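Computed from a predicted structure; not experimentally measured. Numbers for residues simply follow the sequence, beginning at 1.
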Amino acid sequence: MLLRLLLLICAPLCEATELFLILSPSRPIEGNSMTLACETPPPQKLDVQLQFCFYKAGRPLGLDWDSIPELWILAVWREDSGSYWCQAKATSLGVKRSRRVQIQVHGLPISNVSLEIQPPGGYMMEGEKMVLVCLVTGGTGDITFFWYKGALGLNMEMKTVTFGISVVRESDSEQYYCAADNGYGPRLSELVSIAVRIPMSRPVLTLRAPGAQAVLGDVVELHCEVWSGSPPILYQFYHEDVALGRSLAPSGGGVSFNLSLTAEHYGNYYCEAKNGLVAQPSEVVPLSIIMPTEDRKEVLTSGVMEVLLGISGPTTMALLFCCWLKRKIGSRSARDPLRRLPSPVPQESTYLNSQASEQLHPNYENVNVVSGDEVYSLVYCVQQEQQPAAEEPPGMHTGDKNSSAIYSRLKKADLTDVDYEDAM
């Protein structure tokens, strides 16, 4: 009777109670959350209160015991993979344990790998610093990076997210790419070309004319060249800051630009050379153009006319009128014959009863203006008469001494049409 009573009391506890550990989601992903639930069959007695505890590899997770049959993990990672189970117990009674469940946390494979260059563009000068950055936008877990140089993939033995060269050389010009691996296989970036340029020397502009001096109509060669610098080199020619043309030198060296000279090509010239980001200008070279004689006369005449036309109208008309009037007077004087000089008007003589020597009283008279700058003068004098003391010597005539007329001409030419007898 007593034995039967003990069996009735111990039956609920002696039954094989099964615990089940349920995982959600069934395939956990790195970085996501995961929930563990410990499920039991309904208890035989409603007044039995169960306590739960979760374990991983023998270590309890969270609180030791809790009445909540679930454990929520915010984020799991690959290192969270392992063996999990749970336990349940009733108050003052024994503990039941679930079976072990092997949980594998999965990661996401890398999907997008790109390569970034600093400085951007892929062009840099020798001596600068270069930095390459391998960027990953997809995938989970720890990522290992690999760097390669050239299309054949020379391993650079670098396993960090960046790869840098503190001082680049021209030999560093090559194609580069990187690879990223998070345990699901490497993913490669695209090929990126790096061009390292040798800095250019300042370009030199030379003007080459057929002769010693450039003449209007000549073909002048403008030659621009740099003595050092990595090709290709792009050249640009300028006249007074106006672009004339450009030319590319793929293998280096210089280039030329030809001009057929006109009057408008006079002025200053220079060129620019560029093999990277910044263009380098040459010094300014002036170009003087020699004009032929005929063209020079035409230009001179044109210039004089422009000056004359630039003077005010009344002043120009006055100058032209003065020139016309002078020519008119000159031509009229050349046509008029020389006029005959008039006979001098006799001057009344003065008689002095004196023994003094004879005194001459010259008289001058301007007779006429025949032409522009010729002036004729009549000069005569009268001798004072005295009472004859003796008989005149033979051959002497009083009239010869009474008066004499002298005609003089101020110019060197002789007076040919004046009658000396009339003057007497």
Side-chain angles (χ1 to χ4, degrees), residues 108-139 142-182 184-205 223-238 241 243-257 270-282:
L108 291 177
I110 295 172
S111 56
N112 297 316
V113 181
S114 60
L115 186 59
E116 183 182 276
I117 308 170
Q118 297 176 359
Y123 290 95
M124 56 196 70
M125 292 298 173
E126 194 173 50
E128 294 182 344
K129 181 179 180 180
M130 179 184 72
V131 177
L132 304 178
V133 182
C134 195
L135 301 177
V136 175
T137 58
D142 294 333
I143 302 175
T144 304
F145 297 92
F146 305 91
W147 292 94
Y148 301 93
K149 179 181 180 180
L152 298 179
L154 176 62
N155 195 336
M156 305 297 294
E157 301 297 334
M158 294 289 294
K159 295 185 179 182
T160 58
V161 68
T162 60
F163 170 73
I165 300 177
S166 58
V167 179
V168 296
R169 302 298 179 193
E170 190 178 19
S171 57
D172 295 322
S173 298
E174 189 53 272
Q175 291 180 319
Y176 293 83
Y177 67 96
C178 68
D181 188 4
N182 65 345
Y184 296 95
R187 296 292 185 269
L188 306 180
S189 70
E190 73 281 3
L191 284 169
V192 174
S193 296
I194 302 297
V196 181
R197 304 293 187 192
I198 296 177
M200 292 185 310
S201 60
R202 189 172 188 180
V204 177
L205 178 64
H223 185 79
C224 188
E225 186 172 2
V226 295
W227 304 114
S228 64
S230 300
I233 300 174
L234 180 63
Y235 292 93
Q236 178 86 48
F237 294 89
Y238 293 90
D241 295 331
L244 298 176
R246 63 174 58 189
S247 183
L248 181 66
S251 302
V255 297
S256 296
F257 183 84
Y270 69 95
C271 66
E272 287 183 346
K274 179 180 179 181
N275 72 341
L277 300 177
V278 181
Q280 181 120 313
S282 70

*Without swapping roles, check the side chain of Arg202 against the backbone of Val226 for a donor-acceptor pair under 3.5 Å.*
no
*Are any non-hydrogen side-chain atoms of Ser247 and Phe257 less than 4.5 angstrom apart?*
no
_With Phe163 via ring pair (Phe, Tyr, Trp, His ring centres under 6.0 Å) - residues at least two apart_ = Trp147
*For Thr137, check side chain to side chain donor-acceptor pair (under 3.5 Å) against everything at least two apart and list the hits.*
Asn112
*Partners of Tyr176 by ring pair (Phe, Tyr, Trp, His ring centres under 6.0 Å), sequence neighbours excluded?*
none
*Counting N and O atoms only, with roles assigned by atom type, does the side chain of Arg187 sit under 3.5 Å from a partner on the main chain of Val113, one being a donor and the other an acceptor?*
no
*With distance as the sole test, does Asn155 use its side chain to make a donor-acceptor pair with the main-chain N or O of Phe146 at under 3.5 Å?*
no
*Looking at Gln118 and Val133, what are the two nearest heavy atoms and their distance?*
NE2-CG2, 4.2 Å
*Provide the closest heavy-atom pair for Ala273 versus Met200 in the form atom of the first, atom of the second, distance.*
O-CE, 3.0 Å
*Determine whether Glu190 and Val192 make a side-chain contact, defined as any pair of heavy atoms from C-beta on separated by less than 4.5 Å.*
yes
*side chain to side chain contact (heavy atoms under 4.5 Å, CB included) with Arg169: which residues, sequence neighbours excluded?*
Glu126, Val167, Ser171, Asp172
*asked:* Tyr270: which residues meet the ring pair (Phe, Tyr, Trp, His ring centres under 6.0 Å) condition with it, sequence neighbours left out?
replied: Tyr238
*Qualifying residues under side chain to side chain contact (heavy atoms under 4.5 Å, CB included), relative to Val204, sequence neighbours excluded*: Thr206, Trp227
*asked:* If you define the side chain from C-beta out and look only at heavy atoms, does anything of Ile143 sit under 4.5 Å from Asp181?
replied: no
